[in-house]
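Everything on this sheet refers to the single structure shown next.
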Amino acid sequence: MTQTVESLFDAAIERYKAGEDPAELIPVFKEICDRAPKSAAAWACLSWLYLLTDKPTSALKAAQKSVKLSPQDPQGRVNLAVAMLEAGKPGVRQHVEIAGQVMTIAEELRTEVLQNIEDGLSRKPDWASLQRVKGWLTA
């Protein structure tokens with residue numbers, strides 16, 4: 001029996017939270033994205049894993065899909081901004097501003113995004129582009 005996309009996603013998130021190496025989880029999230037190509041959350045997770053493993057070009061593509069599917073999701077915007085910084089692409093500010101606007105309106109999303117940023121910095125302490133985006137969002 002194959003796992004449902006939801007159970008696969010939940011299990012992969014738990015593995016990530018338990019500290020599994022992001023590189024090990026990339027194939028899992030690729031499969032989730034293949035099976036549920038309209039899942040903005042899955043694309044956001046995949047882009048985050050690519051960012052953690054220093055693959056900004058792949059992260060950029062996944063983050064762009066995430067934002068296209070869910071333009072109001074601040075996490076997708078944060079991932080896209082970080083990927084753009086790491087890939088040397090222009091236009092970062094608009095994504096940070098949109099993420100910041102949504103985070104101002106939705107406190108639970110603000111908390112979630114800031115927790116994710118802290119998680120990213122705990123896994124990759126000298127992550128300069130994530131620190132820059134965090135600075136813009138918390139200024």
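When the salt bridge (Lys or Arg N to Asp or Glu O under 4.0 Å) test is applied to Arg123, the partners found at least two apart in sequence or on another chain are Asp119. For Gln131, the side-chain contact (heavy atoms from CB on, under 4.5 Å) test picks out Leu121, with sequence neighbours left out. Here Gln72 pairs with nothing under the side-chain hydrogen bond (donor to acceptor under 3.5 Å, both in side chains) rule; sequence neighbours left out. Considering only residues two or more places apart in sequence or on other chains, Thr57 meets the side-chain contact (heavy atoms from CB on, under 4.5 Å) condition with Lys61. In this structure Ala81 satisfies the side-chain contact (heavy atoms from CB on, under 4.5 Å) test together with Val92, His95, Val96, Val133, sequence neighbours excluded. For Glu31, the side-chain contact (heavy atoms from CB on, under 4.5 Å) test picks out Leu8, Arg35, with sequence neighbours left out.
If you chain together hydrophobic residues whose side chains sit under 4.5 Å apart, Leu52 and Leu85 fall into the same group. Connection of Val82 to Val102 is not established within any shared hydrophobic cluster, with ILVMFWY side chains joined at heavy-atom distances below 4.5 Å, either directly or through further cluster members.
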Q: Check step by step if side chain to side chain contact (heavy atoms under 4.5 Å, CB included) holds for Ser39 and Val5.
A: CA-CA 10 Å; Ser39 171; Val5 172; 6.0 Å; no
Q | Test side chain to side chain contact (heavy atoms under 4.5 Å, CB included) applied to Tyr50 and Leu60, step by step | A | CA-CA 9 Å; Tyr50 280 135; Leu60 185 63; over 6 Å; no
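Residues Ser129 and Met84 have side chains not in contact (no heavy-atom distance under 4.5 Å, counting atoms from C-beta outward).
Judged by distance alone, the side chain of Ser7 and the main-chain N or O of Gln3 form no donor-acceptor pair under 3.5 Å. Counting only distance, with no hydrogens or angles, the side chain of Trp43 and the backbone of Pro37 share a donor-acceptor pair below 3.5 Å.
Under the ring pair (Phe, Tyr, Trp, His ring centres under 6.0 Å) criterion, the residue pairs touching residues 18-38 are Phe9-Phe29, with sequence neighbours excluded. Every pair tested for salt bridge (Lys or Arg N to Asp or Glu O under 4.0 Å) that includes a residue from residues 93-104 fails, sequence neighbours excluded, so the list is empty. Counting only residues at least two apart or in different chains, ring pair (Phe, Tyr, Trp, His ring centres under 6.0 Å) contacts with residues 110-139 comprise Trp48-Trp127. Contacts classified as salt bridge (Lys or Arg N to Asp or Glu O under 4.0 Å) and involving residues 36-55 (residues at least two apart or in different chains) are given here: Asp54-Lys124.
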Under 3.5 Å, sequence neighbours excluded: what are the donor-acceptor pairs made by side chains of residues 107-116?
unit_1, atom_1, unit_2, atom_2, d
Thr111, OG1, Glu107, O, 3.0
Asn116, ND2, Gln75, OE1, 2.7
Asn116, ND2, Glu112, O, 3.4

Would you be so kind as to tabulate the donor-acceptor pairs closer than 3.5 Å made by side chains of residues 17-27, with sequence neighbours excluded?
unit_1, atom_1, unit_2, atom_2, d
Glu20, OE1, Arg15, NE, 2.9
Glu20, OE2, Arg15, NE, 3.4
Glu20, OE2, Arg15, NH2, 2.7
Asp21, OD1, Ala23, N, 2.9

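A distance of 12.0 Å separates CD in Gln64 from CG in Asn79, rounded to the nearest 0.5 Å. Between Ser66 atom OG and Arg77 atom CZ the span is 9.5 Å, to the nearest 0.5 Å. Note that NZ of Lys68 is 13.0 Å distant from CG of Leu80, once rounded to the nearest 0.5 Å. Rounded to the nearest 0.5 Å, atoms CD1 (Ile117) and CG (Leu137) are 5.5 Å apart.
Shortest non-hydrogen contact noted between Cys33 and Leu46 is SG-CD2, 4.0 Å. Minimum interatomic distance between Ala59 and Ser47 (heavy atoms only, all atoms of both residues): O-CB, 3.4 Å. Across all non-hydrogen atoms, the minimal contact from Gly76 to Ala63 is O-CB, 4.4 Å.
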